[in-house]
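Small disclaimer: the values here were computed from a predicted structure and weren't measured.
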Amino acid sequence: MEIRKFALTLAVLAGLCSLNTQAQTGKKVTSHKTIGQRIDTLAKKVGSVVKKAEKTGKEKLNADEKKLDADAKKVGSEVKHAEKIGKEKVCSDAKKINCKVKHAEKADKAKAKLKSDVKKIKRGVAKTEKKIKRTYLKDKAKIKAWEKARKAKKSNRTSDVFPSSADSLFLYQRRL
C-alpha cells in the first residue's frame with residue numbers, strides 16, 4: 001500500500017515536471033485537454049510500473065523466503081549433526097573420565113593396601129626384632145650361666161688339687 005502511495009505521488013510530480021518542461025521547450029507535444037487527463041495517463045503508465053515492481057518485490061520476497069528456508073534447513077541439519085557429534089563426544093569424554101576415575105580409585109586402593117602392607121611389615125619387623133632381642137638376652141643369660149657353671153666346675157677341680165686356705169685346711173684335716 002505504501003508503495004502505491006509513493007508511486008502515485010511520484011507520478012503526480014512527474015506529470016507536473018513534464019508539463020513544466022513542455023512549456024519551457026517549445027516542442028510541440030500532444031496536448032491534453034486538462035491536467036487531470038495528463039495525470040491519469042501518467043498514472044496508468046506508472047500503474048504498470050508499480051504492478052511490475054510489486055510483482056518483482058513479491059518474487060524477490062518469495063526467493064528470499066525460499067533461501068531463508070533452505071538456510072534454516074541447512075542450519076537445522078548442521079545443528080542436529082553438531083548435537084549428535086557433541087553428544088557422542090560428551091559420551092566418549094564421560095567414558096574416558098569414568099575410566100580415569102576407576103583407575104584413580106584402583107590406584108587409591110592400591111596405595112591404601114600398600115600403606116597397610118607397609119604397616120604390617122613394620123609390625124612384623126618390630127616383633128621379629130623383639131624376638132631376636134629376647135632370644136639374644138636368653139642366650140646371653142645361658143652363656144653367662146654356662147660360664148659361671150664352668151668356672152665353678154673349674155674352681156672345684158682346682159680346689160681339689162690346690163685347696164684354698166679355709167677349705168683346704170678343713171679337707172686336709174678330714175683326710176687325716
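The structure places CD of Glu59 at 10.0 Å from NZ of Lys52, a figure rounded to the nearest 0.5 Å. Annotation: the span from Lys120 atom NZ to Lys113 atom NZ amounts to 8.0 Å, rounded to 0.5 Å. From Lys130, atom NZ reaches atom OG1 of Thr128 across 11.0 Å, with rounding to the nearest 0.5 Å. Rounded to the nearest 0.5 angstrom, Leu61 CG and Glu54 CD are separated by 12.5 Å. Separating the NZ atom in Lys95 from the SG atom in Cys91 is a distance of 7.0 Å, to the nearest 0.5 Å. Taking NZ from Lys151 and CD from Glu147, the interatomic distance works out to 6.5 Å, rounded to the nearest 0.5 Å.
Residues satisfying the side chain to side chain contact (heavy atoms under 4.5 Å, CB included) criterion with Lys115, sequence neighbours excluded, are absent altogether. Not counting sequence neighbours, the partners of Val125 by the side chain to side chain contact (heavy atoms under 4.5 Å, CB included) test are Ile121, Glu129.
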The test is side-chain contact (heavy atoms from CB on, under 4.5 Å); show your working for Lys87 and Glu83 and say whether it passes. CA-CA 6 Å; Lys87 199 180 280 185; Glu83 286 175 349; 5.9 Å; no

Which side-chain N or O atoms in residues 64-71 pair as donor and acceptor under 3.5 Å with protein atoms at least two apart or in another chain?
none

For residues 134-146, which side-chain donor-acceptor pairs fall under 3.5 Å, sequence neighbours excluded?
from   : atom 1 : to     : atom 2 : distance (Å)
Thr135 : OG1    : Lys131 : O      : 2.7

Report all side-chain donor-acceptor pairs from residues 99-111 shorter than 3.5 Å, counting only partners two or more places apart or in another chain.
none

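Other cluster members for Val79: Val75, joined by side-chain heavy-atom distances under 4.5 Å among Ile, Leu, Val, Met, Phe, Trp and Tyr.
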